[in-house]
Structures are given as C-alpha cells and as structure tokens.
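Structure first, then comments.
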Amino acid sequence: MAKQLIMAYMHISWLLLIQCLLLVTRIGAKVPAIIVFGDSSVDAGNNNQIPTIARSNFPPYGRDFAGGKPTGRFSNGRVPTDFISEAFGLKPFVPAYLDPTYNISDFATGVTFASAGTGYDTATSDVLSVIPLWKQVQYYKEYQSKLRLHLGGNKAKQTIHEALHMTSLGTNDFLENYYSYPGRSNQYSIELYQDFLIGIAGNFIKQLYGLGARKISLGGLPPMGCLPLERTTNMMGGNDCISSYNNVALEFNGKLKTLTTSLNKELTGIKLVFSNPYDIFMQIIRRPSSYGFEVAAVACCATGMFEMGYACNRNNPFTCTDASKYIFWDSFHPTEKANHIISDYVVKNVLAQFL
Ligand SMILES: *[C@@H]1O[C@H](CO)[C@@H](O)[C@H](O)[C@H]1NC(C)=O
C-alpha cells in the first residue's frame, strides 16, 4: 500500500516537473519578437502611409481578417509572418511600422517594415515608388532607438539578439522589374542579375548582423511562374505555369541556400536559416484537393486572371464568395488558407529550431 502511494506521488511529481518545464519554455520565450523585411508577401499596411498605387487597404481585401478589416495586407486575411508570430506564442499578427494605430509597446514583440512592390534591387522599388530595402534598414535603426528608450539599453539589445528576423522578397525583382522593363535586362543576363541580387542579399544580412541580429530567416522564392497573372500571359502554353520563371526561382533559391551556408561560416554566432516555400507551394498547386482547395489556376478576386490592388475592388461582381476554395486571393497573392499551410510547413521544418 505504502509503496503504491509512493509510486503514485512519484508519478504526479514527474508530471508536475514536465508541466513546469513546458511552462518555463513558454514564459521564457526564446523569441521575444518577430522583425520582418520584405514585399507584399509580408506587408501589413506600410504602403498605406506612402504615395503609391501598390495598395490593398479597401474591400474585399481583409474580408476574412479580424473584424473584416482591410489593413493593407495583400490577402483576404493574414499573411505568413502573422501565422509565424502566433506559432511562436506572440501576437496573432505583426503590425506595420508606419501604421499610426500602433506604437513601440506593440512593436516590441513584432514589427514589419515590408512594402508591397519592393525588391532587393532599388530599381524594383522605383517602379511603383515603394519603400526600398535600404530604407527598411533605416526604419529598423530608428526602431532600435525607440526600443532602447522603451526597454532600456540592455533589454533592447537582448531583445534584438533573441528576436527572429525574417525576410521575404525577390519575386518583384524578376516579374515586376527584370521581365517587365528593359533597364536591368539590357544590363544583365538573367544569371548575372541573380548574382547581383545575391550580392545585395548578402550585404543586407551583414547589415542586420552588424545591428545585433543573430537569428535570421532568409526567405526563398515561390514558384512564381504559377502566379495566376503569369499563367494568364501563357496563352500558347494552355495557361499552365511558366516553367522558365519557375526555373529562375529554383536557381535563385539554390543561390540563396549557398549564401546561407557561407554566411553561417563567416559571421560568428549567427544562426541564419533558409526558409524555402517553393516545394510546399508547388505541391499545393499540383494537388489542390489534397489540401482542401478547388481552384489553383485563377484567383478568387474578380476574374482571377490579372486583377490585384485597385483592380480588385468591392464592385467587381466576379469575386468568389468562399476564398478557402482558392489557393490565390488575387492574381499575385495567396489566400489566407494557403498562407497558413505554407507557414505551418516552414515553422515545422525550418523555424522550429528557434522555438
Ligand atoms: C501605446 O499605446 C497605448 C494605447 O494604445 C498606451 O496605453 C501606451 O502607453 C502607449 N505606449 C507608449 C510607449 O507610447
């Protein structure tokens, strides 16, 4: 009898111990903040505050977001970094740095400097007069000063050191710039243009490192030849994905991976990971029904063939009623449901090491 009682106690204390350990890992969150740089894939409304036509702060954008609010996210709901923030036990969304409804108390656990339409190349951000990457870094420096005032020097430094920094951009450098305007394509072959962008990406990571960042996720390109807008132009190919664009994405992702390996060797104490959405994204496009989708080739908004931004508005009678059946929300951006699946995959397979 006594022995059984002791065994029961031991069992209970083991359970308590395990629960305490779980609690400690939750409270002493290893990632106190998510800090984001990039394009429309992770913009949460910065472009609302600058003069550009690359906007989405009107219905039906955001119709499945909390309160049905069109925030400036290019989706019907949340974008990947919102889901990632939630997965790390932080806020269920990452607010935009230029959004006046938030202040440094909010930004202390997450902030995005991303701007729809931007790229690694400043010539890309010039196309739609959006925030270039170098300017996002300037805003980040300003943010660090505010964080020091808010938390004190030591705590701010520690926060930056432990925060997960994420980047998501590059698609626009190819689709909005290289393949749409003669400038860069006259200067560079596609291979050399990729190397030019990789050079910018490398310097950017080194800048973040110099500013105290240690945990960094470098985002890869999606299968950009499968975006509905690109499919629409592929009339000769039966509106299938444009394989040459997908091949560029694969090649560029290979170079980003190589860059990740070399920077991890070069920069002491950095933990740089490559978050590659390509394979999971491609799987969803090739087998939509396995993921609960019905439509892969066209988007929910309007005709689904070419509309985004102002062309995707509440007056369009063709917009679908249930976005969860679609992989793409507008001709260039995934639905919330697709964003959720891709984010879960990246968290589980790459970012879990920071949890
Ligand atoms: C931020 O805004 C909230 C109200 O939304 C306010 O309570 C808080 O004091 C503000 N924090 C700072 C540091 O300004």
Side-chain angles (χ1 to χ4, degrees), residues 36 38-50 52-87 91-102 106 110 112 114-117 128 130 168 171 222 226-229 231-232 277 281 284-285 288-289 291-344:
V36 184
D39 61 18
S40 59
S41 57
V42 290
D43 189 355
N46 285 311
N47 277 16
N48 304 348
Q49 308 302 324
I50 60 164
T52 175
I53 58 154
R55 291 260 179 97
S56 61
N57 55 340
F58 39 81
Y61 284 97
R63 72 182 190 189
D64 299 310
F65 194 79
K69 196 171 170 230
T71 55
R73 284 171 176 80
F74 280 76
S75 188
N76 57 309
R78 289 190 279 166
V79 294
T81 37
D82 296 322
F83 289 111
I84 292 166
S85 174
E86 189 172 38
K91 286 194 295 286
F93 62 92
V94 178
Y97 185 62
L98 298 183
D99 188 333
T101 57
Y102 299 102
D106 308 297
T112 175
S115 174
L128 293 169
V130 296
S168 177
T171 304
C226 296
L227 302 179
L229 183 68
R231 284 190 180 226
T232 300
F281 207 145
I284 298 171
I285 289 166
S289 60
Y291 297 88
F293 294 106
E294 292 174 14
V295 187
V298 294
C300 166
C301 197
T303 67
M305 294 167 71
F306 55 87
E307 297 91 344
M308 66 171 125
Y310 285 110
C312 165
N313 63 61
R314 64 162 21 132
N315 299 322
N316 201 301
F318 296 109
T319 299
C320 80
T321 50
D322 182 1
S324 72
K325 293 178 177 159
Y326 287 72
I327 297 173
F328 292 96
W329 164 249
D330 68 14
S331 67
F332 218 71
H333 305 98
T335 53
E336 174 178 77
K337 181 166 150 187
N339 283 335
H340 197 170
I341 295 170
I342 295 164
S343 310
D344 280 356

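No hydrogens, no waters, no symmetry mates; every other heavy atom, side chains included, goes into these values.
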What's the separation between atom [atom1] in [X] and atom [atom2] in [Y], rounded to the nearest 0.5 Å?
X      : Y      : atom1 : atom2 : result
His333 : Phe328 : NE2   : CZ    : 10.5 Å
Asn339 : Phe281 : CG    : CZ    : 7.5 Å
Asn313 : Glu307 : CG    : CD    : 9.0 Å
Ile341 : Ile327 : CD1   : CD1   : 8.5 Å
Phe318 : Cys301 : CZ    : SG    : 12.0 Å
Asn48  : Phe58  : CG    : CZ    : 9.5 Å

Worksheet item: Side chains of Asn47 and Ser115: donor-acceptor distance under 3.5 Å anywhere?
Response: yes
Worksheet item: Side chains of Thr71 and Arg73: donor-acceptor distance under 3.5 Å anywhere?
Response: yes
Is the backbone of [Y] close enough, under 3.5 Å, to the side chain of [X] for a donor and an acceptor to pair up by distance?
X      : Y      : result
Asn76  : Thr335 : no
Thr112 : Val42  : yes
Ser343 : Ile84  : no
Arg78  : Pro92  : yes
Asn316 : Thr303 : no
Ser331 : Met305 : no
Asp330 : Met308 : no

Worksheet item: Taking side chain as C-beta onward, heavy atoms only, is Ile50 less than 4.5 Å from Leu98?
Response: yes
Item to complete: Return the orientation label for the Tyr61 and Phe74 ring planes: parallel under 30°, perpendicular over 60°, tilted otherwise.
Response: perpendicular
Worksheet item: With a 2.5 Å cut-off on the SG atoms, do Cys320 and Cys300 make it?
Response: yes
